[in-house]
2 protein chains.
Amino acid sequence: MTTSTARVRLQPDTRREQLLDLGVRLLSTRSLEELSIDLLAEEAGISRGLLYHYFGNKQDFHLAVVRRAVADLLAQTAPPDLDDPLERLRAGEAAYLDYVVANHEGYLSLVKGAQGGNEALREIYEETRAALTERIFADPDGLVEDTPAARLMVRGWAALSEELVLDWVRDPHGVSREELLDALTASLPALVAVLP
Amino acid sequence: MTTSTARVRLQPDTRREQLLDLGVRLLSTRSLEELSIDLLAEEAGISRGLLYHYFGNKQDFHLAVVRRAVADLLAQTAPPDLDDPLERLRAGEAAYLDYVVANHEGYLSLVKGAQGGNEALREIYEETRAALTERIFADPDGLVEDTPAARLMVRGWAALSEELVLDWVRDPHGVSREELLDALTASLPALVAVLP
């Protein structure tokens, strides 16, 4: 009976975390606009009032869910323990692709919100992209030399990766998953090689 | 006195074109949100009522100005008469960079509106990007072979170009204009070379 006791005595923080997890699951197949407090209340079987207690308002609730969603993205794309730096890069791109496929609607609405001028979403989006690209410069094998020009190019590569992945998810154009990952991986050193 | 006679007898279509030109000039240093019917009326020295007569409503006015602005972008970036296909590509990128520098605020607000889910702006933005990338496949020297995978990659390259140009305009990171143009130009064949 430990489980039911735990359920009853759940700490507020733990409860909030569970609600955030549920929000992230709901967001995976929905846009942020479609993710309402009402829907979360219904799915969680608790009152709207309690949700407002945990999250303040709809905007704060959305930001908390998006922060949790991008924390999941960063965790899932963490560089794996592989010897070859290009294999590490490829594994990260594969995890990013899988994340976008599994959370397509929610990820798209983060991108749209961030690009469309929602400043709070833009901040989260920029922090996430910075964390993802920082890994390239933090790679122990120094895949890319850390220069201002290389940082500019890596930002461009990140934009290219996002465009290719979102385009490919919409329509693979006859390109296989493996071919896409090969191209995404090989494009980084190819782009860095054209720098002055 | 031909000039003043012409001014008085101006045809409605010509007058509308002049107002659009003025709208495009005003947009170059402003976002779409800042470009109001009131401002255009003041700058043109005509009544708001007459502007509504020409453009219907604010949304239609904005779309007409944006369509004119991207027509200018396409005209200014038309491939020049140069023998070397990479020189043609570089000249197009230089014209694109100059356009973004000269029309920064307006261009940024088109990108934001299009990415943020304004469907009418998104359509104009996508058509413009399609027209720009189509030139690559229409190049008489066949710079890039026309395959589905190459089309996917050229879309990625367009996203990279936009990101690099907008980033560079915000902060050049010590990269000179010539170095940026060299990198933008060389990146296309480098990316196509990594395709399967």
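Below, chains carry the letters A, B, ... as their sequence lines are ordered, and counting in each starts from 1. Keep in mind it's a predicted model, so treat the numbers as computed, not measured.
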Exercise. Please say which of B/Ile37, B/Asn57, B/Leu35, B/Leu121 ends up in a side chain to side chain contact (heavy atoms under 4.5 Å, CB included) with B/His62.
Key: B/Leu35

Quiz item: Side chain, backbone, both or neither: which part of B/Arg122 has an atom under 4.5 Å from a heavy atom of chain A?
Solution: neither

Self-check item: Which atoms of B/Leu180 approach chain A - backbone, side chain, both or neither, heavy atom under 4.5 Å
Solution: side chain

Quiz prompt | Donor-acceptor under 3.5 Å (A/Trp157 side chain, A/Leu184 main chain) | solution = yes

Quiz item: In terms of heavy-atom pairs under 4.5 Å with chain B, which of A/Thr147, A/Asn118, A/Asp171, A/Leu191 leads?
Solution: A/Leu191

Quiz prompt | Salt bridge present between B/Lys112 and B/Glu33 (N-O < 4.0 angstrom) | solution = no

Quiz item: Who wins among B/Val175, B/Asp182, B/Leu152, B/Val111 for the most heavy-atom pairs under 4.5 Å with chain A?
Solution: B/Leu152

Quiz item: Which word best sums up how the rings of B/Phe55 and B/Phe61 line up, parallel for under 30°, tilted for 30 to 60°, or perpendicular for over 60°?
Solution: tilted

